[in-house]
Structures are given as C-alpha cells and as structure tokens.
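Single-structure report; data block below.
Letters A, B, ... mirror the listed sequences (proteins, then strands); counts begin at 1.
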Protein chains: 2
Amino acid sequence: MAYVIHLARPTCTPYSEEMVKRVPAIKTRLSPDVIVASAVALADTEGLEAVTIRRLAQEHEVTPMAMYWHFSDKEALLDGIAEYLIGAVRLPEPTDQPWDVQLRAILEAFLVAIRPHPSIAGLALKRILVCEPGLVLAERALGLLRAAGLSPDKSADVGTFLLCAVISLVANEPGPKRRVAGEEREEMIRHKMAGFAALPPSRYPNVLAAGKSLAVCADEDDYFAVNLDLLVAGVRGIRPA
Amino acid sequence: MAYVIHLARPTCTPYSEEMVKRVPAIKTRLSPDVIVASAVALADTEGLEAVTIRRLAQEHEVTPMAMYWHFSDKEALLDGIAEYLIGAVRLPEPTDQPWDVQLRAILEAFLVAIRPHPSIAGLALKRILVCEPGLVLAERALGLLRAAGLSPDKSADVGTFLLCAVISLVANEPGPKRRVAGEEREEMIRHKMAGFAALPPSRYPNVLAAGKSLAVCADEDDYFAVNLDLLVAGVRGIRPA
DNA sequence: ACCTGAACACCGTTCAAGT
DNA sequence: ACCTGAACACCGTTCAAGT
C-alpha cells in the first residue's frame, strides 16, 4: 500500500504554466486511456507535432520506452487517439423525418464531436471503418444515402467523401490556428491582410471584396453551417431523377 | 571548364532501382527548382514522410546544410512544393456559359493538376492565397460564386471550402495509397474486406453492401466525378431564392 | 555565391535487463 | 505485468569555416 500512496502523492516538481493545465495533479497509473487523454490534450494546446512518444512519457514522468508496453508503436497511439475522437460522436436516434434532415443531423453530430480537436481531426479519416462507433456512423450515413435514391456504389463514394469533407471542414478552417491567440494571432491576421492590400485591385476584385472573410474566418459557425448545407444540398442535387 | 565537365559527368555510384528512376543521370547544378522537382518525385514514389532535408541532400550528392542556402528552412521547401503544385493548374478561359458549368470546369482543372500528387496535395491548402496562380484560381472561383448569387462573405466561406474539398478528394481517396501496388496492395485490400466480412450483417447491411467500394474505391474516375458534381450541385442548392 | 564539417537537441524504436 | 537503461539510426537546424 506504500505503493498506492506513492501513486497518489501530489506531484510537486515545478511545472510551467501550460503543463499545470495539462498534467493531472495526481499521478495516475499509466494505461492506454490516460495516455490517449493526455495526447489529445497536448494536441489541442500545442498541435499534433507536439504529440511525441518522448514528450508524453515526460509528462507522465516515465521512460519513453514505457509507452511501448501500452502501444506497439506510434501508429497504434494515433489509432487510439482517432478512436477516442470517433467514440465521442453522439448520433441522434433515427427518426421518421426525411433523409436530408437526418443526414444533416448526422453530419452535424460528427462535426460537433471533432470540432474541439481540429489538429487531430485528420487522424479520423483512415480509421472510421476500423472501429465500432465509426462503423455505426458510416452505416447510418450509407442508409440515408440509399434512402435518397443513390446506388450502393455511389452511396459508398459519396458517403466516404461526406465524412472526409466534414473532417477537412474542421481541420482546415480558414485563418490562423485557433490555439494561437491574443497579440500573436492579431499579428498573423494583419500580415495576411497586408498581403491582400498589396494586390492589384483590378485583377483581384473578388479576393479583395472577400478580404477579411478569407484571412480570418468572419464567423466560424456560419462557415460550418453554410458548408454543411452545401453538402446535403449536393446530395439532393445528384439524386437520379 | 574542368568544373563544367565535372558537373556533366555521368553519376556512376551504385543506385538502387528506385533511385535510378528518380535521380537524374546528369548531376545538375543545385537550385530551388531542381530541389523542388526531386522533392515532388520523391513524395510521389515514397510519400511525404520520405521528403527530408537530409534525404534530398543525399540524392543530390551534397551535404544537408547545402539545402539551407536555397531554402531558409523546411517550411520554405514545403512552400516551394506547394507553389509548384498550384502553378501546375491550367485554368480554362472564362466563357459565357452559366456559372455552374464554369465552376465545375475550374474545380476539375484544379483536381486534374493535383491528382498525380496525392501525398503532397495537402500542402496546397494554406498556401493558395499566397502565390499568384493560387490567387487567380481563388479569384475565378469567387467570381463565379458571386455570379451564382452568394454574398461576398458566403462566397468566401464556400470558396475556401470548395478548394479544400477538392484537395481532400485527392489526398484521401479511399483504399490503400495508390503508390503501393501489386501483391502488397492486394493483401491490404483482402485484409480490409476480411474485416468487413466479420461484421454482423444485421447491424451493418449498408456497409456490407457497399463493401468493396469502401475498401478499394471501385472506380477512381467515378469517385471524383460524382463528388465534383455534388459540390457544384451543393452551391446550386444553397443559393438565395 | 555556394557549399562543407562538426555539433546540438530532438525523433521513433530495439533489445536486454530489472522488479 | 510493467518499467528502466543503453544504444541505434534517423530528424531539423545553427554556426563557423572553406573556396
């Protein structure tokens, strides 16, 4: 039980401000889940490049090689992160509403789940079809596409793309990464706007008119809403007559 | 001129088979353009992870640090690769056809340009608005969206997403990466299909029906065509009445 | 102008070993 | 079952120096 007490002792090594936010006050026992959780937090605050076997080990006060007990390699860790992300999707129950309303709801549920984690959203792409919640998501989407009148093959093509599009919607929203803030963010935006201002107005009238909306994203919610609408309307538009 | 002769001598160090394809028989003078060209070729054959300052230096029989004369850092090299890609877009001339026909033509021109380079397509995302051919592309797209009746702000949101969607269309086409071929590719497909076959048919009828199209991408051309159609139809669908 | 050499702080990963 | 220690082959990058 001295062992248990040791595990539960408050960490008292000096932490930088950011680390305080991330690393738990209580040293928890290492496990795939807690590693994934800290990896997600790390990616959110410092980007996917910061998610490193060695860095995670350090945050858990453990040797890098300890990670290899819980994950066979880094790829497996990324799989774990993606599964966490996909598992966070809260699908609405099927209803008797028309297929387009339900499809929109499903895409939005997916978007809402991954939106807090733009830097790891891309990891979900190749991993949807290899975990249970992803398969459920795909099944629902495919069902609605069939209901819309698409053939099985077209449903597969379109369904793949729709999920892929939602991911790239959150992974690549315009403007500087959301996690850079304050003066630095302002500076990046100013720089981008200055680049636009130097353009010949006669050749780029529409780029200049869009100006600010291109450099920052005028309104994030609008950006997501209009493009989700676009995707659903697109399916509506390609149905066989 | 001994210098010139030295530059022109055929390389006679032993090459592996792949290197023969990639590295020019004549050792050319180092320049940003030839470095970018070999980086693109390297990414196409071995993926973006293989594009490394040290690896490129090695292929040009030069010290890694020599690269830093031509590019301030790796980011600048990636910028160069992206510019090359965007510069390869061959936009059709404006016509008096309706906006949707022209928009579809523009998106297709973009797709055709990047389709041969799926592993670096993603680099283009953040760099379209910082090089001349990218600005021209954006200007044309925005103009057509305005012609479709969208407000400047919505045009910006939608235009950003459309280009982003085309990129993710080629960067993430379903199935194993195109550059793995032959027996290895077959094996990966078999493995994925086996995963599907193990699913309970009652819970995943549509995934199973789509089966092969999800695991391989039944027809690449179809995949691109239907989803380009979807994007254009989507714009049509969200126009103000 | 263009490139080299040595060095630094990082990676992921293997293998043998400890408890 | 879970972790350590030493080692290897890689990264990007800086800085001083060569021609």
- Message: If the condition is side chain to side chain contact (heavy atoms under 4.5 Å, CB included), which residues does B/Ser213 pass it with, not counting sequence neighbours?
- Response: A/Asp153, A/Ala156, B/Ala218
- Message: Holding to side chain to side chain donor-acceptor pair (under 3.5 Å), I want the full list of residues that pass it with A/Asp44, two or more places apart in sequence or in another chain.
- Response: A/His117
- Item | Given DNA chain D, 5'-ward residue of the pair B/Thr52 and A/Met65, judged by closest heavy atom | A/Met65
- Excluding sequence neighbours, so at least two apart, what forms side chain to side chain donor-acceptor pair (under 3.5 Å) with A/Glu108? A/Arg104
- Task: Indicate yes or no: does B/Arg179 engage B/Glu46 in a salt bridge with an N to O separation below 4.0 Å.
- Result: no
- Nucleic acid contacts - residues 69-85 of chain A versus DNA chain C, non-hydrogen atoms under 4.0 Å: A/Asp73, A/Lys74
- Note on the structure: For A/Glu186, the salt bridge (charged side-chain N to carboxylate O under 4.0 Å, His left out) test, sequence neighbours excluded, returns none
- Item | Secondary structure string for DNA chain C (Watson-Crick or G-U under 3.5 angstrom, | for other-strand pairs) | ||.|||||...|||||.||
- State which residues pass side chain to side chain donor-acceptor pair (under 3.5 Å) with A/Thr160; sequence neighbours excluded, sorted by chain then number. none
- Mind checking what makes salt bridge (charged side-chain N to carboxylate O under 4.0 Å, His left out) contact with A/Arg185, not counting sequence neighbours? none
- How would you list, by chain and number, every residue that makes a salt bridge (charged side-chain N to carboxylate O under 4.0 Å, His left out) with B/Arg54, sequence neighbours excluded? none
Which pairs would a plain distance check flag for residues 120-127 of chain B, meaning a side-chain donor or acceptor within less than 3.5 Å of a matching protein atom at least two apart in sequence or in another chain?
unit_1   : atom_1 : unit_2   : atom_2 : d
B/Arg127 : NE     : B/Asp79  : OD1    : 2.5
B/Arg127 : NH1    : B/Leu123 : O      : 2.9
B/Arg127 : NH2    : B/Glu75  : OE2    : 3.1
B/Arg127 : NH2    : B/Asp79  : OD1    : 3.2

- side chain to side chain donor-acceptor pair (under 3.5 Å) with A/Asn172: which residues, sequence neighbours excluded? none
- Heavy-atom contact window of chain B on DNA chain C, given 5' to 3' at under 4.0 Å: C/dA1 to C/dA6
